[in-house]
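Down below is the structure, laid out as structure tokens.
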Amino acid sequence: MNILRGVRGATTVINNDRQEISVRVIELLNEIVKENGLEKEDIAAAIFSSTPDLNAGFPAVGARMLGWNEVPLFGTQEVECPDALPRCIRVLILWNTDRNQNQIKHIYLHHAVALRQDIADQPV
């Protein structure tokens, strides 16, 4: 029986650059898909957030470049927090799956591994 689960992930970019944002989002989504076996047809939606220092491009563009044309996508800006990780893009994918929550692999790349030290040492 499939139920709706959340898959989390995050990445960072070096520069506030449209192309780099898309490239890093593509890398992140490819890794999430690979590690969890997601099929586009099972994705209910994907929500992207980015830190206020990233305004050169929309993270959802990267998903569209992967062919996620039928997946509802939403983007938002995070609150400006002095302690926040800079130049960070996060994603929450809502996924219809029969997996238990403890079977889902959340993916954090580049400097974003600092966000989830509790899973950083787990094999991906």
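Atoms considered below: every heavy atom in the structure, side chains included; atoms not considered: hydrogens, waters and symmetry mates.
- A search for side-chain contact (heavy atoms from CB on, under 4.5 Å) contacts involving Ala45 returns Pro72, Leu94, not counting sequence neighbours.
- Interatomic distance, Ser50 OG to Phe58 CZ, rounded to the nearest 0.5 Å: 9.0 Å.
- Residues Ala60 and Phe48 approach most closely at CA-CE1, 3.9 Å, considering heavy atoms.
- With a 4.5 Å cut-off on side-chain heavy atoms, Thr97 and Ile3 do not count as touching.
- In terms of heavy atoms, Thr51 sits closest to Leu85 at CG2-O, 3.4 Å.
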Run the side-chain donor-acceptor check on residues 4-12: report pairs under 3.5 Å with partners two or more places apart or on a different chain.
unit_1: Arg5; atom_1: NE; unit_2: Arg99; atom_2: O; d: 3.1
unit_1: Arg8; atom_1: NH1; unit_2: Val91; atom_2: O; d: 2.7
unit_1: Thr12; atom_1: OG1; unit_2: His111; atom_2: N; d: 3.2

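- In this structure, CD1 on Ile107 lies 10.0 Å from CD1 on Ile93, to the nearest 0.5 angstrom.
- A search for salt bridge (charged side-chain N to carboxylate O under 4.0 Å, His left out) contacts involving Lys40 returns nothing, not counting sequence neighbours.
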What do the steps show when you test Arg64 against Asn69 for side chain to side chain contact (heavy atoms under 4.5 Å, CB included), and what is the final call?
-> CA-CA 6 Å; Arg64 295 286 184 236; Asn69 298 316; 3.7 Å; yes
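- The shortest distance between side-chain heavy atoms of Val71 and Leu73 falls below 4.5 Å.
- Judged as a salt bridge (charged side-chain N to carboxylate O under 4.0 Å, His left out), the pairs with a partner in residues 69-82 (not counting sequence neighbours) are, in order, Glu78-Arg90.
- In this structure, Arg18 places its CZ atom where only 12 or fewer heavy-atom neighbours from other residues, nucleotides or ligands lie under 6.0 Å away.
- Within the 4.5 Å cutoff, side-chain heavy atoms of Ile104 are placed close to those of Asn36.
- You'll find the side chain of Leu29 reaches within 4.5 Å of the side chain of Trp68, heavy atoms only.
- Between the CG atom of Leu92 and the NE2 atom of His106 there is a distance of 9.5 Å, given to the nearest 0.5 Å.
- Between Asn96 and Ala44, the shortest heavy-atom contact is ND2-CB, 4.0 Å.
- Partners of Asp42 according to the side-chain contact (heavy atoms from CB on, under 4.5 Å) rule, which considers only residues two or more places apart in sequence or in another chain, are Glu39, Trp95.
- Taking 4.5 Å as the limit, every side-chain heavy atom of Asp53 sits out of range of all side-chain heavy atoms of Asn16.
- Nearest heavy-atom pair across Asn15 and Leu54 is O-CD2, 4.4 Å.
- Follow the hydrophobic side-chain contacts under 4.5 Å out from Ile47 and you never reach Ile32; the two are in separate clusters.
- Considering only heavy atoms from C-beta on, Glu31 stays 4.5 Å or farther from Glu27 through its side chain.
- A continuous path of ILVMFWY side-chain contacts below 4.5 Å connects Leu109 to Met65, so both sit in one hydrophobic cluster.
- With a 6.0 Å radius and a threshold of 12 heavy atoms from other residues, nucleotides or ligands, Gln103 has its CD atom above the threshold.
- For the atom pair Leu66 CG and Asn30 CG, the distance stands at 5.0 Å (nearest 0.5 Å).
- Applying the salt bridge (charged side-chain N to carboxylate O under 4.0 Å, His left out) criterion to Glu20, with sequence neighbours excluded, gives no partner residue.
- In plain terms, the two heavy atoms of Arg24 and Val13 that are nearest each other are CG-CG1, 3.7 Å.
- Hydrophobic cluster membership differs between Tyr108 and Val23, with clusters built from Ile, Leu, Val, Met, Phe, Trp and Tyr side chains linked at under 4.5 angstrom.
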